[in-house]
Amino acid sequence: MSETSSERDQVRLAKLDELRSAGIDPYPPRLDSPRSHQAAEAVSAFELAEARPSGDPVQVSLAGRMVSRRIMGKVGFAHIEDGSARLQIFVRRDVVGEQTYDLLFKKLLDLGDFIAVSGVMARTKTGEISCEARQMQLLAKSLEPMPDKWHGLKDVETRYRRRYVDLMVNPDVRATFVTRARMVQAIREYLDGQGFVEVETPVLQPIYGGAAARPFTTYHNQLKQDLYLRISFELYLKRLLVGGLERVYEIGRDFRNEGVSFKHNPEFTQLEWYEAYADYNVVMDRVEAMLAHVAQRLTGGTVISYQGHEIDLAPPWRRITLRDAIIEYADIDYTQFPTAEELANAMRAMGHRPENTSNRGKLIDSLLGNHVEPNLIQPTFVTEYPIEISPLAKKKAGDPTTVERFEYFIAGMEMGNAFTELNDPLDQRARMEWMQQLYGADDEERHPVDEDYLLAMSYGMPPNGGFGTGVDRLAMLFCDKSSIRDVLLFPHLRSLERDEADGE
RNA sequence: GGGCCGCUAGCUCAAUGGUAGAGCAAGGGACUUUUAAUCCCUAGGUUCAGAGUUCGAGCCUCUGGCGGCUCACCA
């Protein structure tokens with residue numbers, strides 16, 4: 001599949017040859033002088049020494065990618081960039097010698113090459129702290145040109161397809177993924193501190209469940225078994241409560257075979273936890289506390305800025321019932337319309353265009369998604385959900401149509417879902433069987449009945465509160481990104497079609 | 001899936017339907033404190049693909065590909 005070599009490819013390959021004939025390994029296995037400092041460390045070491053009257057020279061050995069170069073005859077400057085910072089190096093021919101200066105630095109190095117530099121830290125005439133090179137070693141030759149040093153890489157598609165290039169030239173992108181990592185770390189810190197145990201449950205599941213979603217299917221050849229990539233962890237984690245683990249959580253990948261959008265990727269990271277002897281009120285308290293903790297860790301405060309909105313994560317958050325929220329934002333009191341048909345008619349009378357469904361819960365959910373959700377900028381818990389769309393949640397005492405469930409919303413996005421978990425095995429079986437009727441056989445969100453889950457529950461499951469949230473959406477929030485693709489290192493994209501005439 | 005927008009040199013971008021250009025990057029040269037270094041010279045293109053209209057298409061039309069935004073659907 002290699003194309004006709006362009007001139008620029010030829011030039012780079014010729015440089016490889018020239019390096020080798022000069023006895024220079026373009027890909028040496030290690031540094032001649034082991035790295036002593038990261039760039040940022042070298043700068044602080046110099047600043048420290050500079051502040052002392054009799055500061056000794058600061059000797060350093062650095063390594064990084066050469067990202068700019070300015071040659072002025074027999075002296076030249078370059079910037080190298082490592083994981084900590086960008087640092088200028090100053091190279092003089094009469095210091096490093098002709099072979100290093102003329103052949104290597106001036107002629108055979110390219111922007112993008114990894115190099116090691118040993119020398120002394122100094123301040124240049126213009127005041128920039130730099131490393132004056134005594135020795136220089138090529139560490140890895142780059143064969144592809146770097147993007148424009150000033151404009152960087154802007155093309156969105158290329159940024160996603162070649163994230164490594166995006167990362168090397170756009171510092172904000174690296175910062176985003178560091179922030180994401182710190183966010184996940186802070187989540188674990190909170191939960192671990194609360195006595196939760198982190199566990200891992202199967203990604204490959206013979207029966208999927210725990211969410212209303214369409215799964216990916218796969219197949220185990222030797223076992224001759226159909227398997228599904230999990231759409232949630234829920235049913236496995238709750239089995240652990242049966243087994244006596246009282247507080248469990250999992251952070252991992254879910255897979256849903258649905259549309260992709262700025263907030264949906266086919267695989268995404270989910271956090272779920274389950275806590276014995278807690279109900280959904282306890283869960284709400286925890287969600288507030290956890291996200292306030294994360295915000296503190298990342299920003300030192302609880303107010304974050306998201307797409308121009310100031311969002312305050314400090315507890316307590318607004319709590320509103322689903323019924324009141326829909327009355328407030330859509331002006332419909334769904335309790336006045338006890339059947340799907342009546343509710344759909346009422347919605348039509350209000351100018352909405354509800355889909356044809358006999359599932360009243362789905363209609364209510366669409367009112368929530370279309371009319372309520374976009375308005376919930378500040379963190380908000382919406383509570384008390386219809387039973388038809390909540391097969392795993394416990395009924396509210398005295399109201400058989402409603403369950404103890406909440407979803408929480410921030411910045412107009414649904415961020416997560418929780419309930420007082422249903423632990424009555426007979427009720428659970430009835431609810432699952434009811435779902436079979438409620439969702440037609442052609443409904444792609446219809447769930448199979450998980451007999452082993454029912455068996456587990458029959459052994460006795462403590463009352464508990466469970467919670468699930470999209471880690472990527474939290475990352476969008478804390479990284480101030482409007483698209484999930486900007487917080488995924490390698491977002492899913494269609495494959496590029498290869499030109500078949502392009503030769504193998 | 002629908003609608004709108006985009007795709008031109010390695011990168012960032014130009015180009016009334018009339019010879020495809022610039023800056024950076026690259027190659028050659030000058031330059032011993034520059035920093036978007038500067039100066040001189042050079043090379044670099046199937047304008048996403050295909051078809052059509054036209055004397056002539058990067059530009060107009062159609063089909064397809066990929067992407068972005070958005071609507072629908074969903075967690």
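Letters A, B, ... are given to chains in the order of the sequence lines, protein chains preceding strands, and every chain is numbered from 1. Quantities reported herein were computed from a predicted structural model and do not represent experimental measurements.
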At under 4.0 Å between heavy atoms, what does A/E414 touch on the DNA or RNA strands: base, sugar-phosphate, or nothing?
sugar-phosphate

With a 4.5 Å limit on heavy-atom distance, are the side chains of A/Q205 and A/Y236 in contact?
yes

Of the options B/rA75, B/rC74, B/rC11, whose atoms approach the side-chain atoms of A/P147 most closely?
B/rC11

Does B/rG67 have OP1 or OP2 under 4.0 Å away from a side-chain N or O of A/R494?
yes

Assign each of A/D94 and A/P145 to its nearest nucleotide of RNA chain B by heavy atoms, then name whichever residue's nucleotide is nearer the 5' end.
A/P145

If we count only N and O atoms by modelled type, under 3.5 Å, do the side chains of A/Y385 and A/N417 hold a donor and an acceptor together?
no

Heavy atom of residues 148-167 of chain A under 4.0 Å from RNA chain B: which residues?
A/D148, A/K149, A/W150, A/H151, A/G152, A/L153, A/K154, A/D155, A/V156, A/E157, A/Y160, A/R161

Whether A/Y408 and A/F381 hold their rings parallel, tilted or perpendicular, with breakpoints at 30° and 60°
tilted

Under 3.5 Å, is there a donor-acceptor pair linking the side chains of A/H37 and A/Q59?
no

Could you tell me the separation between the NE2 atom of A/H492 and the C1' atom of B/rC66, rounded to a whole number of Å?
13 Å

Residues in side chain to side chain contact (heavy atoms under 4.5 Å, CB included) with A/S366, at least two apart?
A/M347, A/N370

Phosphate OP1/OP2 of B/rA25: any A/R69 side-chain N/O under 4.0 Å
no

Tell me whether the OP1 or OP2 atom of B/rU34 has a side-chain N or O from A/R123 closer than 4.0 Å.
no

Can you check the A/N370 CG to B/rU70 C1' distance for me, whole Å?
14 Å

A/R485 side-chain N/O to B/rC69 phosphate OP1/OP2 under 4.0 Å:
yes

Residues touching RNA chain B, which here means a heavy atom under 4.0 Å, drawn from residues 102-110 of chain A
A/K107, A/D110

Check whether the side chains of A/E421 and A/Y280 place a donor and an acceptor atom closer than 3.5 Å, and report yes or no.
no

